[in-house]
Structure formats: C-alpha cells, structure tokens
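Each remark here refers to the structure printed beneath this line.
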Amino acid sequence: MKLLISGLCGHMGTEVAKLALAGCRGADPEATVGVDMNACGAEGMPCATDFATATDPVFTTADCIVDFSHHSATPALLDYAVTHKIPVVLATTGHTEEEKAAIGKAAEAIPVFFAANFSLGVALLIDTARQVAAAMPEAEIEIIEKHHDRKLDAPSGTALMLFNAIREVRPEAVPNCGRAGEGKRTREEIGISSLRLGSVVGIHEVHIHTGTQSLTLKHEAVTRAMLADGAVEAAKFMVGKEKGFYNMESMLG
C-alpha cells in the first residue's frame, strides 16, 4: 500500500511516517510520500509543499491519502483526491460547515473516511456512552476532554463525537461548551469542558449522575502512535472501496 501523508512534518504525520518506514500495518516504506508546507520530508520521503505541486506520478499514484494537516487544507486535498481518484482518510478536526459540506460532496465521487479519533478504545467509549445515556434517560451527563497546550480546536472532535452519540438517544440534548456565567443547569444540556495542559496526548471522560449514583467512563491516550496506527488501518480498509462515506463504525463492522 502506497500512502500520501498530508501534514507529513507535523506531530501525527511524523508518527504515520514512522509506521510506514518500519513497514508496519501494510505500509510500504519504499513508496510513501508527503505533502507539507514545510516540505521537510522524512527519512528521504518525497514531499511537496502543497497539492498544486504534487503532480509527479510518485504522488498521483498513491493508494490512499492520510490527512493529519489542518482542516483549512481540506478543500484542496479533496479536489486533488477527486481529480486523481484516490481514497482519503481525514484525521483532522475543527472543520467549518463549508468544509464539512465539501467532505460530503467528495464522498459522492471517491471513498472518504472521516473520524475525529482513530482509537478502538475511543470507539468503544462512544458506544458505551450511547448505551448508558439510553439506559439512564434522567441522568445528568458532562463531558471533559484534556489535551496538550498546542491543540488548536476546542472542544475536541472526539468530545463532539461523544455528544453526538448521546444525542442519538437523547434528541433533545443541547451542548453547553465551556460553561460560564450564572444560570441553573437545564435538564437538556450536556456540558463539554476543555482543558489544555502541557503534553497531555488526550483524555476523554463522560460523567453520568442520576442523583443516587454516579458513573464515570474514561479513555486516556498514552501515545500518539495509537492514532497513527488506527489511521494506517483505516487506509488499508479504504483501498478498493466504492465511493461513499466511511467511519470507525464502518471499519469495525
């Protein structure tokens, strides 16, 4: 499998490159390339500064694009992928409504895998949170997410995934991001709090309280390699797929 890593020089792009260079998870160390504005390359990998300059066949013949860049690069990435008929694994977060619309449109032409978190543990956390919310319909629920101080978006994409999963069984749910000011908590609201501290990779907690008992669901990412591993697995899953929209639930069956 030949990967094109968008955001090759960033923290997560570097982790994906390490997997590729080690020949892990089906990645080919002899056929991995990147796109990054810094054009740093990684251990000699070919790297273009943007998709407009990634015209050589070494880029256009990739089996899948794995994106760990920035959500603002999504439109150019999708145009490139559609033009060259390359499946895409989007692992960035913080997309605008216009960018989300572009993702949906691209999925009408190519296979697009979109997830805010590529951890199997997080996928299980989300599923469990949904089940608990359904089983305890009167419980109050709060979500807390913690990340390193370099993370740009808040709340995290994973926190929003947790909220949206809970809203599937509680359609009346309303998010309250970064609660502030005065006012009693409403029955419908689900608080989402974001902490940014040092080098924390990622911690997500769901707190459920019924008045007579409390339940806390927690997932902690120990290393970013977990996310890179999941993204490469997603890329393997996407090779040969029909056009359409895919996510972690699709891959896990």
Side-chain angles (χ1 to χ4, degrees), residues 71 89-97 99-101 103-104 107 111-147 151 153-181 183-196 200-222 226-227 229-231 233-234 237-238 241 244-253:
H71 66 84
V89 172
L90 294 174
T92 51
T93 58
H95 293 90
T96 65
E97 292 304 315
E99 290 161 355
K100 290 177 182 178
I103 293 170
V112 176
F113 192 110
F114 185 36
N117 193 301
F118 284 80
S119 161
L120 172 60
V122 165
L124 294 172
L125 172 68
I126 290 171
D127 186 56
T128 303
R130 183 192 297 111
Q131 292 183 50
V132 174
M136 298 179 168
E138 300 301 318
E140 296 175 337
I141 299 177
E142 296 277 318
I143 298 169
I144 300 175
E145 57 98 348
K146 307 172 187 177
H147 284 88
K151 186 170 178 61
D153 57 317
S156 69
T158 302
L160 294 175
M161 288 172 65
L162 282 162
F163 170 77
N164 288 328
I166 293 168
R167 188 163 59 179
E168 290 176 16
V169 295
R170 291 191 181 186
E172 74 284 0
V174 176
N176 187 343
C177 301
R179 182 181 286 106
K184 183 180 178 181
R185 186 188 199 282
T186 67
R187 181 184 180 281
E188 295 80 13
E189 78 175 72
I190 294 178
I192 305 177
S193 302
S194 300
L195 283 70
R196 298 292 176 261
V200 176
V201 176
I203 300 173
H204 291 86
E205 301 175 355
V206 182
H207 296 261
I208 302 103
H209 183 70
T210 66
T212 61
Q213 59 185 318
S214 294
L215 176 65
T216 300
L217 308 176
K218 178 180 179 180
H219 177 273
E220 180 171 359
V222 178
M226 166 199 71
L227 303 178
D229 196 17
E233 286 296 312
F237 170 77
M238 291 296 279
K241 286 291 186 293
F245 188 86
Y246 300 84
N247 55 25
M248 287 297 288
E249 290 185 3
S250 308
M251 186 169 69
L252 297 177

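Keep in mind that the numbers below use all heavy atoms, side chains included, and drop hydrogens, waters and symmetry copies.
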Please enumerate all residues that pass ring-ring contact (aromatic ring centres under 6.0 Å, His included) together with Phe113, with sequence neighbours excluded. Phe118
Shortest non-hydrogen pair, Val169 vs Ala133, comes out as CG2-CB, 3.8 Å
Which atom names give the shortest non-hydrogen contact between Pro175 and Phe163, and what distance separates them? CD-CZ, 3.3 Å
Pair Val89-Tyr246, side-chain contact (heavy atoms from CB on, under 4.5 Å): steps then yes or no: CA-CA 9 Å; Val89 172; Tyr246 300 84; over 6 Å; no
Nearest heavy-atom approach of Asn117 to Met248 is O-CG, 3.6 Å
Calculate, to the nearest 0.5 Å, the distance between atoms NE2 and OG1 belonging to His219 and Thr128 respectively. 11.5 Å
A side-chain contact here means heavy atoms from C-beta on lying under 4.5 Å apart; do Glu142 and Arg185 qualify? yes
Between CD1 of Ile143 and CD1 of Ile166, what distance do you get to the nearest 0.5 Å? 4.5 Å
Under 3.5 Å, is there a donor-acceptor pair linking the side chains of Asn164 and Glu168? no
Would Val201 and Val222 satisfy side-chain contact (heavy atoms from CB on, under 4.5 Å), going step by step from the backbone distance to the final call? CA-CA 6 Å; Val201 176; Val222 178; over 6 Å; no
At their closest point, which heavy atom of Ile144 faces which heavy atom of His207, and how far apart are they? CD1-NE2, 3.7 Å
List for me each residue that meets side chain to side chain contact (heavy atoms under 4.5 Å, CB included) alongside Ser194, sequence neighbours excluded, and say none if there are none. Glu145, Ala154, Pro155, Arg196
Return the OG to CG distance between Ser119 and Leu124, rounded to the nearest 0.5 Å. 8.0 Å
If I take atom OG from residue Ser193 and atom CZ from residue Arg179, how far apart are they, to the nearest 0.5 angstrom? 6.5 Å
His204 and Ser156 side chains, donor-acceptor separation under 3.5 Å: yes
Results of side chain to side chain donor-acceptor pair (under 3.5 Å) for Glu140 - residues two or more places apart only: none
Value rounded to 0.5 Å, distance of CG in Leu215 from CD1 in Ile141: 9.5 Å
Partner residues of Lys218 under the side chain to side chain contact (heavy atoms under 4.5 Å, CB included) criterion, sequence neighbours left out: Ile203, Glu205, Glu220
Considering residues at least two apart in sequence or located in another chain, which fulfil the side chain to side chain contact (heavy atoms under 4.5 Å, CB included) criterion with Ala139? Met136, Arg170, Ile208, Thr210
Indicate the atoms forming the closest heavy-atom contact of Ala221 with Met226, along with that distance. CB-CE, 3.4 Å
How many angstroms lie between atom OG1 of Thr93 and atom CG of Asp153, to the nearest 0.5 angstrom? 3.5 Å
Which salt bridge (Lys or Arg N to Asp or Glu O under 4.0 Å) pairs, counting each pair once, include a residue from residues 244-253, with sequence neighbours left out? Arg130-Glu249
Between Lys241 and Pro111, what is the shortest heavy-atom contact and its length? O-CG, 3.2 Å
